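What follows is a set of notes on a single structure, which appears directly below.
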Amino acid sequence: MPPKRTAATTTASRSTRNTITRTAPASPAKKKTIPTKPPSVDLDESEDEVLHKPFPTPRKRRSSDCTEPAPKRQRRGEPQETQPEPSSARRVTKIAVARGRKIPEDQGEATYIKKRSTRGIPTKTAELKEDKPKRGRPSTRKPEPKKAGSESDDPLQSNATYGTTTRKRVHSSPPLIELDEEGDSELTSPPPKPPIKKRTRKQAPSPIPESDNEVFTSEAEAERPPQPNLQELSPGPSSYLSSPPLTRAPSPAVRTNSAGGSQFNWTPPELKRCLDLQKHLSLQTLARPPHIALPDNAPNTTTACQLTALLQGTIERCEGNSCILLGSRASGKTSVVDSCLESCTVKPIIIRLSGYIQQTDRQAMREISAQLCEQTGTTFLQDDEAQEANDEQETDPAAPIFVEPLTSQLPSLISVIPTLARPTVVVIDAFDLFTLHARQALLYCLLDTAQSIRAGSSKSGMAVIGLTSRIDTISLLEKRVKSRFSGRVFRTEHSDIATQWTDVTRAVLCPSWDGPDDEGFQHWSEMWNERVEKFIEDRSTRDAILETYAISKDVKVWMRILTSILLRLDVSHAWPTVAMLKVSAEAQRTREIRPSLNQLTYASLALLVASKHAAKSGYPVVTFEMLHEYFREQVRASAAAPVQLGGAGIGIRNCSRGVLASEFENLVSARIFAPAGSTVGTPKEFVKYRCTVDPGDVKYAIMAANNVPLKKWFDKG
Amino acid sequence: MTRVIHQEILQDISLLLTYAKLPFIFICDPISPRCTAQALSATLSTLSADIRFVSINAIECFTAKVLYDSVLNGLAQWVPMWEAGCANWPGTEDFQKKYSESFDAFVHGLRALKNANDKANDGEGKRMVIVVEQAERLSSSLEDILVPLTRLAEIARIDLSLVFVSATGWTDIQPSLGAAQDPFLIDIPAPSKDSTVEYMMNVFAECQQQEQLNAYHPALMPTYQQFAVILYDICTHFTKDPDELVYISAGRWPGFIQPVLDEYNKRAGDAQRHPFAAPPPETFMRLVSFFKDSFGAALEHLYPRLTDSEAWAEANQPNEDALVHAFPAYRTDGSPTRRKTAVTVSDPAASNDRYRELPRMSKFVLVAAYIASMNPAKSDLRMFGRGLDEKKRKRKRVVGNTKTKKQSDKPTKIPQRFLGPAVFPMDRMLAILGALLEDNDDITFQDEDFTIPGERTDMEVGRVAVYTTMTNLTSAQLLQQTSSADKIDGPPTFKCGISHEVAYRLAKDLKIVLKDLLWEA
């Protein structure tokens, strides 16, 4: 018969350790003992998943988890081979993670328990109960081979007991749990030294991450001092984060060491050190994101080739060229230009303008003169007065002297550009905004100068490169300007790089470590890489990448999501998980309109409810006086029939006008109430506002605040 | 001791600034942005080895030039001195110019600063971080530079981070057309009870004075913690801002603990033998029961800033009853004290009392102005019209028309009492003033020159003194002139500047039943 799940056993299973020591019970009573072993991290993904999922399902086997056939999993209903064990004797079977170690024969049952737990089945203890031999009936179960790909053999596994509000983790190296005959587990401190029966493992150890199936028992490890509670030793996750719990992956390195008899001991400080180092490395990688190699037929590659050819003509053949790079936001316009400029053999004079900064032609010309002065070291269009002023200053002739040209002389500055010793490249960001300037004078001067340069003349070359995301930019040009523009339009596009985003994710999360040799971090990094690989290959992660790519093709959005995931990692949540990804995506990509609505005070919520009733009465535009009137009426109606529950009134809590006015000011500053009329010369209580929050969101906020009177008022009428 | 709050989040931010080097971070804290900004500055100051930061307030930097100078002065650690003419950062020696003239000049200034920084550190200098508090103000005052400001690191081509701390979300101040760079968004949750109390304890520790026996004596720290918990429980329905709680605490705590200090002073002879200690729990409970009602009063007066905390604390000093209630040993007759709770002064500066000093005619003018502002002009004839029989017309209230009106597409008109005072011409107000004087001015004159009813009132209303009164009231902003002063055609228009409560109080002084004279009352 398959083990039957019950609620009680489910609850009991949450406190079960994955490193289990079974021993002959001294008494039939249920007993939990706290291990007194030295600290190590012992975390179980499956239990955490159980706690975060209403109906956890066993993990599916993935191809990445193993490369060799995994042992067949014991199915429910199948007869299980069991070994006879003394029913009255309390057994303590210690399970730890190791690879290449022989498994004692008497660990079969514990192995089975552990395996079931790692598949996400919450009824670990229930199965423990079922597994236990009943009185007078010796158990004949044999150790069941474990399914490859499960994570129960983590050296770091969680032993979490989740209550309604608190969560406890006890970690040991290995943590110990004594199981009584009913299958209930109890943490023992110190654990009794059990008579351990060793059994050899029938299957050969797998050379690949198959250590989920492997357990070993060591008396030496059983005598380790108890591990302190990891949750107590290290601060929990940030209060604003809610991420799935820590999971631990098998590590080939750990297995290797274990086979050699020296398993790496993960103490919380060591784990925290490695995790912090990993976070720092990944965050540093985010500062310099990896370059995405584009295929040869990608639009940006073609554009780069064309632009390079154009720049070569300007630099090598002294041509006057002009072009526009047209592409949507974050499609790579600036990066294409920068890469082309860097590849130039001769470094040209680069003048960078932006339509967001230089909002008039005069500002643009000032900036041109300033950049020319910086890059050439000479001053242009310096009139006599300015020269005299410079002479009076008696500055160092070697130092660059910056003298802004007079406004009347600024337009002629453009014509000087071809006379410079080096070719000049003018990069104009937000090119479309320059078309809004009066008479498009700057564009006219630049394009006219570029057009007038003839190849082979003594003048230096000049190129005007416009960057814009507006597709009708050329039609915005005046006729006289358009006729001087070469008409070259190069396009940049987001290439189909959804697959490359996976590589970016891998590069960010698994950066290379070129620091000094660190045994602990080496073990950590192997485990980390394997967990990250599972995270990346998870279908939810791939869906999230595609979804993000569908919403915004900007890889920076995905990088922000990754950054958010990295910040959510801590000792108790050390691996990136799908749940973290979901929370991070909601925080960075698809945000709620008013995420802070649930944090509003009672007075603010009352004002929002009043505005809802005002809108229902036909007043979408409200004043504070009106809201206060609604609130006062409701307080009066509530006070007319005072009902008390447990000595406390359940009506609307009264609030003074001044406090309400202050809260209303806060709501206005938070843009929850937006001005709907003139605020000049009107007393502040009579300024018209319009509520920007949907009433449905207000209702959710009230329900989150669990305020019954406000909810009744909200539903009223 | 620094005021610690949101420590974990701020540690994450420091990671982002030192390792990820994000160019733009937006922190949204709708509850206590000021606390967060201060805590962020304190956190960044601990990273002075890696980061050079400046924290500016967008309210202070109301123009672009002020913002540029504030940023450059802060990053250059340049303090303008009065003796030196309050000059801003002059720039590097070999390249002097004004860096606050435009955004381009500002960018050049940042580059010059970076170069100087690198040169001073023989290589790569410290990262520069610009923190902008109250960043939502930038969208209104400095909208033009908001887009380039968000792309500052890209434009200036230097390693720089910009951090906005705002009470609003990024979408509320985000420039249109998607021109601005998207930030890394961080939401600050409301501080928990424990962190709020811890914050208040930090403030208490800052106020400690070892030598003096006052309300912030170190021995009173445990008592203050319990006080802070109770204050939080009472005020959390109305405000969660730790600074506001600290402000309310500053008003109530000195009076709350004063009986304990008085009791210690009374037994001053034993002071040498018994050093000052925190009151026992039963004494604290007695104090709480005595002062519990005054917590709400402190909230109602200090949170809207009807008065300042020091003045409120001064006005609400406990009397002898508090000492007797807290320490039963001081009861003279052994009977319970008469008063069980503290009496709070409602409003030290009673706002309505200052209108009592106004002249009688000024009060009439204000009441007439209030009626003119609140009543529609078409109702004047009904409210104040008189027939030949000298009988005042009775007000005919329009009660529910039986005929169904057509539903108009226009939005429903908001009642005037919710919209505040409306504009009225001076002539209309004088006419209402005359009607008020005729009906409510009980001063009678025996003058045979005025035989027509109301003739004398008309004369009184036309006196220069009435116009002078209006001028005085306008200068006091009790009347607001809405027409320009140099307008010569038509009567000047005004708007009433007093509130409903003040108008009722003035009408009551004049024995006018204001409710009967208001159309929408």
Side-chain angles (χ1 to χ4, degrees), chain A residues 235 238-240 279-280 283-284 286-287 329 334 354 356-359 363 366-367 370 396 399-400 402 430 556-557 560 563-564 567 587-588 591 593-596 599 601-603 617-621 623 625-626 629 653 655-656 658-659 661-663 666 669-671 681-683 685-686 688, chain B residues 8-9 12 15-16 19-22 28 30-31 94-95 97 102-105 107-108 136 144-145 147-148 151 154-155 167-169 171-172 178-179 182 184-185 187-190 192 236-240 299-301 303-306 411-412 414-415 417-421 480 482 495 497 499:
Chain A
S238 303
S239 59
Y240 69 110
K279 285 170 70 173
H280 296 170
L283 289 174
Q284 281 176 342
L286 280 169
R329 192 181 175 206
T334 306
S354 174
Y356 299 117
I357 305 175
Q358 292 90 28
Q359 298 175 355
Q363 292 177 348
R366 283 176 182 270
E367 180 61 16
D396 184 7
F402 180 80
K556 291 178 183 175
V557 178
R560 285 199 294 272
T563 307
S564 182
L567 291 183
Q588 300 294 328
R591 293 170 60 83
I593 297 177
R594 297 285 177 191
S596 60
Q599 303 176 11
T601 59
Y602 160 79
S617 304
Y619 304 122
V621 175
T623 62
E625 198 67 33
M626 187 186 295
E629 181 72 15
R653 182 191 294 264
C655 183
S656 71
V659 174
S662 300
E663 283 297 294
N666 292 340
S669 64
R671 307 287 174 97
T682 308
E685 62 265 30
F686 297 119
K688 296 178 182 176
Chain B
E8 296 172 353
I9 302 176
D12 288 344
L15 277 181
L16 292 177
Y19 289 98
K21 300 181 179 178
L22 295 184
C28 177
I31 303 297
D94 54 348
F95 193 71
K97 64 174 292 189
S102 65
F103 196 89
D104 292 318
V107 171
H108 288 297
E136 66 270 10
D144 291 342
I145 67 167
V147 172
R151 312 172 77 101
E154 176 188 339
I155 292 172
T168 65
T171 53
D172 292 325
D182 288 334
F184 183 81
L185 301 170
D187 295 319
I188 306 288
S192 63
T236 188
H237 297 287
F238 308 104
T239 178
K240 296 178 180 176
L299 167 76
E300 292 178 356
H301 289 95
Y303 182 49
R305 299 292 192 274
L306 300 179
T412 311
I414 301 176
R417 67 178 186 278
F418 294 146
L419 292 178
Q480 295 172 358
T482 55
K495 203 163 69 171
S499 66

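First the proteins, then the strands, lettered A, B, ... as listed; each starts at 1. Note that the structure is predicted; figures quoted are calculated from it, not measured.
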Non-hydrogen atoms of chain B under 4.5 Å away: do they reach the side chain of A:S354, the backbone, both or neither?
neither
Part of B:I155 lying under 4.5 Å from any heavy atom of chain A:
side chain
Choice from B:P30, B:A167, B:S102 maximising heavy atom contacts with chain A below 4.5 Å:
B:P30
For chain B, which of A:K688, A:R653, A:K556, A:E685 has the most heavy-atom pairs under 4.5 Å?
A:R653
Apply side-chain contact (heavy atoms from CB on, under 4.5 Å) to residues A:R591 and B:T171 and explain how you reach the verdict.
CA-CA 10 Å; A:R591 293 170 60 83; B:T171 53; over 6 Å; no
Side chain to side chain, A:S662 and B:F238, heavy atoms closer than 4.5 Å
no
Between B:V147, B:D172, B:L299, the one whose heavy-atom pairs under 4.5 Å with chain A are most numerous
B:D172
Taking atom types as modelled and ignoring hydrogens, do the side chains of A:E663 and A:T601 form a donor-acceptor contact shorter than 3.5 angstrom?
yes
Validation row: B:Y303, A:S656 side chains within 4.5 angstrom (heavy atoms):
no
Under 4.5 Å from any heavy atom of chain A, what part of B:I31 do you find: side chain, backbone, both or neither?
side chain
Pick from A:T623, A:V621, A:T682, A:N666: which one has the most heavy-atom pairs with chain B under 4.5 Å?
A:T623
Rounded to the nearest 0.5 Å, what's the gap from CZ on B:F103 to OH on A:Y356? Could you check?
13.0 Å
So does B:K495 have more than 12 non-hydrogen atoms from other groups sitting under 6.0 Å from NZ?
yes
Residue part contacting chain A, namely of B:T236, when any heavy atom lies under 4.5 Å
backbone
Identify which part of A:R671 has an atom lying under 4.5 Å from any heavy atom of chain B, answering side chain, backbone, both or neither.
both
Please look at A:A670 and chain B and tell me whether the side chain, the backbone, both or neither of the residue comes under 4.5 angstrom of a heavy atom of that chain.
both
Given B:G169, B:P148, B:G420, B:S192, the one with more heavy-atom pairs under 4.5 angstrom with chain A than any other is B:G420
Below 4.5 Å, heavy atoms only, C-beta onward: do B:D182 and A:R560 meet side chain to side chain?
yes
Residue part contacting chain A, namely of B:E300, when any heavy atom lies under 4.5 Å
both
Under a 4.5 Å cutoff for heavy-atom pairs, which residue among A:I357, A:T563, A:L286 has the most contacts with chain B?
A:I357
For chain A, find which of B:K21, B:K240, B:Q480 contributes the most heavy-atom pairs closer than 4.5 angstrom.
B:K240
If we count only N and O atoms by modelled type, under 3.5 Å, do the side chains of B:D104 and A:Q363 hold a donor and an acceptor together?
no
Parallel, tilted or perpendicular: which fits the ring planes of A:Y602 and B:H237, with parallel below 30° and perpendicular above 60°?
perpendicular
Most heavy-atom pairs under 4.5 Å with chain B, out of A:E625, A:Q359, A:Q588, A:E629, belong to A:Q588
Apply side-chain contact (heavy atoms from CB on, under 4.5 Å) to B:H108 and A:E367, showing your working.
CA-CA 10 Å; B:H108 288 297; A:E367 180 61 16; 3.2 Å; yes
